[in-house]
Amino acid sequence: MRRYYKITLLLLMLASCVCNMQAQDKKRQWTKEMLEYKHDFIVKETGMTQAQRDKFMPLYEAMEKEIYNVNHNAREQAKKINASNNVSDDEYAKAAKTMAEVKSKEGEIETRYFNQFAKILSKKQLFLLKQAEIKFYRQMTEKKKK
């Protein structure tokens, strides 16, 4: 009897792991589709050629990844602070400083990549790039509200 109980418990744990992996796969798939949609949107709005897209997108994805990492690190630090009961003033100060520096770090990253983008895109396309990003986020926000 004990053996069947252990096997049943093991099967339940395995099923739980499989369900969790499927949920993670769905989230990754959604993220991938959203990034593809965003990239297609930016290419369309800026009027990039295929050659420009082939050179631009790897750089743009690298920039997005760096910006994501800056934001992710700040969020993780904030989560640790929120989850902890004994937080020192120094830890609060460090977390607050990290959160305050997010925007400036994002700006530094964007400026560094802007110089690389300028070698691929025209002046007009560089201007339209930022406009397209703003337009994309506005559209996503409006769709989320509906």
Side-chain angles (χ1 to χ4, degrees), residues 7-146:
I7 291 172
T8 303
L9 184 61
L10 183 64
L11 288 174
L12 286 173
M13 289 172 46
L14 181 63
S16 174
C17 290
V18 169
C19 288
N20 190 23
M21 288 175 22
Q22 287 176 340
Q24 288 177 345
D25 287 344
K26 283 183 181 181
K27 184 177 179 181
R28 282 189 204 115
Q29 182 65 27
W30 181 86
T31 302
K32 183 179 177 185
E33 288 174 6
M34 185 57 69
L35 286 175
E36 287 176 17
Y37 176 74
K38 179 183 178 185
H39 295 171
D40 291 341
F41 183 86
I42 288 171
V43 167
K44 180 183 168 199
E45 291 292 314
T46 58
M48 281 185 219
T49 64
Q50 187 62 41
Q52 285 176 315
R53 180 187 179 134
D54 293 342
K55 292 178 184 176
F56 174 79
M57 277 305 155
L59 287 173
Y60 190 75
E61 288 172 2
M63 180 188 77
E64 285 182 315
K65 188 172 185 175
E66 281 188 49
I67 290 172
Y68 171 82
N69 287 336
V70 166
N71 283 292
H72 181 73
N73 291 337
R75 283 191 308 271
E76 286 299 312
Q77 198 168 1
K79 280 182 188 178
K80 285 180 186 176
I81 296 290
N82 286 331
S84 181
N85 291 333
N86 281 340
V87 181
S88 70
D89 286 343
D90 290 339
E91 290 172 316
Y92 276 125
K94 184 179 177 186
K97 185 175 182 182
T98 299
M99 292 169 25
E101 291 175 342
V102 167
K103 293 289 184 190
S104 66
K105 287 181 180 180
E106 285 179 2
E108 290 170 9
I109 293 167
E110 285 187 14
T111 301
R112 189 174 71 243
Y113 278 92
F114 178 85
N115 295 327
Q116 296 176 41
F117 296 160
K119 297 174 185 174
I120 300 167
L121 304 175
S122 70
K123 308 289 186 242
K124 181 179 180 181
Q125 287 173 319
L126 287 170
F127 173 77
L128 293 174
L129 171 63
K130 199 62 180 170
Q131 299 297 312
E133 288 175 330
I134 293 167
K135 187 175 179 180
F136 175 80
Y137 287 115
R138 282 185 182 154
Q139 284 183 0
M140 291 299 107
T141 303
E142 288 173 13
K143 286 181 182 181
K144 187 176 179 181
K145 286 179 183 177
K146 293 179 183 178

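Numbers here are sequence positions counted from 1.
Just one residue in the list Y113, F117, F114 forms a ring pair (Phe, Tyr, Trp, His ring centres under 6.0 Å) with F56, and that residue is F117.
The line from CD of E108 to CZ of R112 is 8.5 Å long, rounded to the nearest 0.5 Å.
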Q: Decide salt bridge (charged side-chain N to carboxylate O under 4.0 Å, His left out) for K130 and E133; before the verdict, give the C-alpha distance in whole Å, the side-chain angles of both, and the deciding distance to 0.1 Å.
A: CA-CA 5 Å; K130 199 62 180 170; E133 288 175 330; 3.3 Å; yes
Q | Step-by-step side chain to side chain contact (heavy atoms under 4.5 Å, CB included) determination, M48 to I120 | A | CA-CA 10 Å; M48 281 185 219; I120 300 167; over 6 Å; no
Q. For H39 and E61, what are the C-alpha separation, side-chain angles and deciding distance, and is it a side chain to side chain contact (heavy atoms under 4.5 Å, CB included)?
A. CA-CA 9 Å; H39 295 171; E61 288 172 2; 3.4 Å; yes
**Q.** Test log, rule side chain to side chain contact (heavy atoms under 4.5 Å, CB included), inputs E106 and K103
**A.** CA-CA 5 Å; E106 285 179 2; K103 293 289 184 190; 3.9 Å; yes
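What you find for V70 and K105 is that their closest heavy atoms are CG1-CB, 4.0 Å. When all heavy atoms are compared, the tightest approach of P58 to R53 is CD-O, 4.2 Å.
Under 4.0 Å is where a charged nitrogen must lie from a carboxylate oxygen, and between E142 and K145 no such pair does. A salt bridge between E76 and K79 is present, with a side-chain N of the basic residue lying under 4.0 Å from a carboxylate O of the acidic one.
Using a 4.5 Å heavy-atom threshold, the side chains of F41 and K44 count as separate. When side chains are defined from C-beta on, M63 does not count as touching Q116, because their heavy atoms never get closer than 4.5 Å. Using a 4.5 Å heavy-atom cutoff, the side chains of L121 and Q52 are in contact.
For the residue pair N73 and Q77, no side-chain donor N or O sits within less than 3.5 Å of a side-chain acceptor on the partner.
Using cut-offs of 30° and 60° on the angle between ring planes, the pair H72 and Y68 is parallel.
For Q125 (side chain) and G47 (main-chain N/O), a donor-acceptor pair under 3.5 Å exists by modelled atom type. Between the side chain of T46 and the main chain of I42, a donor-acceptor pair closer than 3.5 Å is present.
At most 12 heavy atoms of other shown residues, nucleotides or ligands fall within 6.0 angstrom of atom CG in D89. By the neighbour-count criterion of 12 heavy atoms within 6.0 Å, atom NZ of K38 is densely surrounded, having more than that number from other residues, nucleotides or ligands.
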